[in-house]
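Following: one structure in structure tokens, then a few remarks.
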Amino acid sequence: MEIRGVYYELSGKPGVHRQNHREIPSVLGLDHMRELMKRLGNPQDDLKYVHIAGTNGKGSVIAFLYSVLSGAGYRIGRYVSPTLYSYRGRMEVSGSRISREDFAAYITQVSDVIAAMTKDGYPHPTAFEIETAVAFLFFKKENCDLVLLEVGMGGNLDATNIIKNTLLAVLVSISMDHMSFLGNTLAQIAEKKAGIIKDGCRVVTARQKPEAMQVIERISREHGAKCTIADASEAEMLKESCLGQTIRYRGEEYEIPLAGVYQKENAVVALNALKVLDELGFSTAAEQKKEGLRTVNWNGRFTVICKKPLFVVDGAHNPAAADMMAASIEHYFKGKRIIYIMGVFADKDYRSVIQKTAHFADRILTIQTPDNIRALPAGELAKTVSEYNPNVQAMDTIKDAVEEAFSLAGEQDVIIAFGSLSFIGEMTDIVENLVESKKVIT
């Protein structure tokens, strides 16, 4: 099915959404999104939301909340992007992603409305606006008690920000990213991300750098929104490895099956959000919170997909995420021989990512992320990497890179694939096939 150059394939495989080299230009502002939703009957107005913005950690915080609240019996909608294994996984209700049939029906409904809009002189909605509209239709039909809604980019002008019934606005760690759209200072970026705060809603924020914290507190005051600061320094690390960690927070112990030094902060943000939701009528017992965190599933964030050799995939795609990945490497793999597989988008600050991470690697294999016009060619990436680490090689395909990494790695070495979440689903499939064929040991 095609809508002005946006292809939707319903196979459920990675890479199902492509723009086929014909991007629809974004139009700043929410007026056209409001027009689209008005013509669809404004389904978003019949739902309640936890709205999540920030630079790094949105998906992890949503994963924690989704696991706890769904486990407690609430009918929870989840809207996230990107996803690793299925495009339809962006829209889920209590563990079940949108069906192929429902997705096709909603896309047809939205397509008919878009045809009428463009005939009336309105610009064509962007791909993200289209899928956000589909998500709202889906969540209304599924009678969700609460929707966990991830901002696509920024906050104030993001397509998700047409919602009215925000019970809780959550702000995860804010850092420099998408500067060409959001601003060149942390305060400017925070201003846009804090644009999800609505009059009278509640706010939970990670403890931010002072210039961002001041903006969030000011905007919260302006909207009469009580702001809670989730301070990860109050949590104690009890046990940790590259397979997970156990923390103590406010007298309770929580097992988390997610690695990465940053997951402690994300868990603390989620626990503070759950405390606020308790006060707003979405209560969960202490044991439900513990069980939800213990069983959370969120792949692609410093995730081990093979053990001999250790193979880790991580979505480090911007400078802040690269800092976090570097801290995790220092923490878990100091003294280990490390091989990278790296693929990035050309519009990201990939040079900073390279600067922060290249020195850890013995060898670096570069790839071009498939089926995306934003992808930086492997050769160009290798050329930039060579300025920081000469042991780099451009690979033709993801499969070639995985096989070469395994041929280079001994059982005690570590392979880390990172730079973009867009190729991790395909890479995981390739590794699993190698494991099944007994070429490597999981």
Side-chain angles (χ1 to χ4, degrees), residues 6-20 56-60 62-63 66-67 78-92 95-100 103 127-128 131 135 150 152 257-260 296-307 310-318 321 325 340-345 348 350 353 365-376 378 381 395-406 415-437 439-440 442:
V6 180
Y7 289 79
Y8 292 89
E9 299 175 12
L10 304 177
S11 64
K13 297 178 182 177
V16 297
H17 169 229
R18 304 183 184 121
Q19 291 188 326
N20 202 35
N56 293 302
K58 296 188 295 293
S60 295
I62 287 176
Y66 189 56
S67 183
R78 180 178 76 174
Y79 182 50
V80 296
S81 63
T83 48
L84 304 186
Y85 305 111
S86 167
Y87 174 78
R88 290 181 287 115
R90 296 181 181 211
M91 306 161 201
E92 283 193 7
S96 297
R97 66 189 183 188
I98 188 171
S99 69
R100 297 177 68 193
F103 185 75
F128 185 70
E131 60 202 29
E150 180 181 351
L258 305 180
V296 70
N297 180 35
W298 193 235
N299 292 320
R301 284 75 178 175
F302 217 78
T303 303
V304 174
I305 60 173
C306 179
K307 293 182 181 176
L310 206 65
F311 196 125
V312 177
V313 292
D314 189 68
H317 63 283
N318 58 38
M325 192 185 88
Y340 284 165
I341 300 174
M342 186 179 184
V344 300
F345 286 165
K348 290 289 184 178
Y350 60 86
V353 172
L365 309 174
T366 62
I367 59 170
Q368 178 171 335
T369 58
D371 301 318
N372 198 304
I373 62 171
R374 294 168 61 196
L376 186 72
L381 178 56
M395 306 303 295
D396 291 332
T397 67
I398 293 175
K399 187 171 185 292
D400 289 343
V402 171
E403 290 178 346
E404 178 67 11
F406 274 125
I415 302 168
I416 303 177
F418 70 101
S420 170
L421 284 168
S422 64
F423 66 84
I424 288 176
E426 181 178 341
M427 178 168 289
T428 302
D429 288 341
I430 292 168
V431 172
E432 287 177 353
N433 288 335
L434 289 172
V435 169
E436 289 172 7
S437 65
K439 292 183 179 178
V440 294
T442 187

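Only heavy atoms go into these numbers, but all of them, side chains included; no hydrogens, no water, no symmetry mates.
- To the nearest 0.5 angstrom, Arg374 atom CZ is 7.5 Å from Ser420 atom OG.
- Side-chain contact between Phe406 and Val431 is present, with heavy atoms from C-beta onward closer than 4.5 Å.
- For the atom pair Thr397 OG1 and Gln368 CD, the distance stands at 11.5 Å (nearest 0.5 Å).
- Here the CD1-CD distance, from Ile62 to Glu150, works out to 4.5 Å after rounding to the nearest 0.5 Å.
- Residues forming a side chain to side chain donor-acceptor pair (under 3.5 Å) with Tyr79 (at least two apart in sequence, or on another chain): Thr132.
- To the nearest 0.5 Å, atoms CG (Leu376) and CD1 (Ile367) are separated by 11.5 Å.
- For Phe423, there are no ring-ring contact (aromatic ring centres under 6.0 Å, His included) partners at least two apart in sequence or on another chain.
- In this view, Tyr350 satisfies the side chain to side chain donor-acceptor pair (under 3.5 Å) rule with no residue, not counting sequence neighbours.
- Using a 4.5 Å heavy-atom threshold, the side chains of Glu426 and Lys399 count as separate.
- A search for side-chain contact (heavy atoms from CB on, under 4.5 Å) contacts involving Thr366 returns Ile364, Ala378, Leu381, Ala382, Val385, Val392, Ala394, not counting sequence neighbours.
- With a 4.5 Å cut-off on side-chain heavy atoms, Trp298 and Val80 count as touching.
- The shortest non-hydrogen separation linking Asn56 to Ala321 is ND2-N, 3.4 Å.
- Scored by the side-chain contact (heavy atoms from CB on, under 4.5 Å) test, Ala405 finds Ile339, Ile341, Leu365, Ile415 as partners (sequence neighbours excluded).
- Under the 3.5 Å distance criterion, the side-chain polar atoms of Arg88 are matched with a main-chain donor or acceptor of Ile98.
- Taking the side chain as every heavy atom from C-beta outward, Met427 and Phe311 approach each other to under 4.5 Å.
- Nearest heavy atoms, Ala259 versus Phe302: CB-O, 3.6 Å.
- Using a 4.5 Å cut-off on side-chain heavy atoms (C-beta onward), Val353 and Val344 make no contact.
- Put simply, CD on Glu403 and CG on Leu434 are 6.0 Å apart, with the number rounded to the nearest 0.5 Å.
- The shortest heavy-atom contact between Ala375 and Thr369 is CB-OG1, 2.9 Å.
- Shown here for Ser81 and Arg90, the closest heavy-atom pair between the two residues is CB-NH1, 3.7 Å.
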*Go through Met91 and Glu131 one step at a time and tell me if the side chain to side chain contact (heavy atoms under 4.5 Å, CB included) criterion holds.*
CA-CA 9 Å; Met91 306 161 201; Glu131 60 202 29; 3.9 Å; yes
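- Considering only residues two or more places apart in sequence or on other chains, Ser60 meets the side chain to side chain donor-acceptor pair (under 3.5 Å) condition with Gln263.
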